Amino acid sequence: RGHADTVMDAARAAGAAGGTVLHAKGTQPGESSQFFGLSIAEEKEMLLILTAAGDRSRIMRAVMDHAGVQSPAHTVMFSCRWKAWRACAA
């Protein structure tokens with residue numbers, strides 16, 4: 001927690017207009033979870049950025065370069081097409 005501004009600054013510098021920060025807490029308190037070999041913090045910030053597909057790679061690269069898994073932010077990212085999200089809501 002506490003790195004959302006660093007991540008968002010990198011995303012904005014690459015063309016993102018803004019984002020939404022969600023404060024999240026894991027469902028297994030006291031237990032360390034792993035995802036692809038990375039430890040998942042019990043409490044975390046999730047940052048959602050909606051952007052055009054053509055801007056996606058540039059924004060993701062900038063975030064990973066400035067706040068990726070090797071940085072104090074330990075950012076993990078993924079992208080999903082909007083059509084896929086809309087289908088989940090239907």
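If you're wondering where the values come from, they're calculated on a predicted model, not measured in any experiment.
Counted within 6.0 Å of NE2 on H66, heavy atoms from surrounding residues, nucleotides or ligands total 12 or fewer; the atom is thus considered open.
The structure places CD of Q70 at 11.5 Å from OG1 of T75, a figure rounded to the nearest 0.5 Å. We find the CE-CG distance between M8 and L47 to be 6.0 Å, quoted to the nearest 0.5 Å.
In this structure a side-chain-to-backbone donor-acceptor pair under 3.5 Å is present from E45 to A4.
Contacts of S71 classified as side chain to side chain contact (heavy atoms under 4.5 Å, CB included), with partners at least two apart in sequence or in another chain: A67, A73. Residues that satisfy the side chain to side chain contact (heavy atoms under 4.5 Å, CB included) test with L22, not counting sequence neighbours, are T20, M46, L48.
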Show me the donor-acceptor pairs within less than 3.5 Å that the side chains of residues 52-64 make with the rest of the protein, sequence neighbours left out.
unit_1 : atom_1 : unit_2 : atom_2 : d
D55    : OD1    : R58    : NH2    : 2.9
R58    : NE     : A14    : O      : 2.7
R58    : NH2    : A14    : O      : 3.4
R61    : NH1    : D65    : OD1    : 3.4

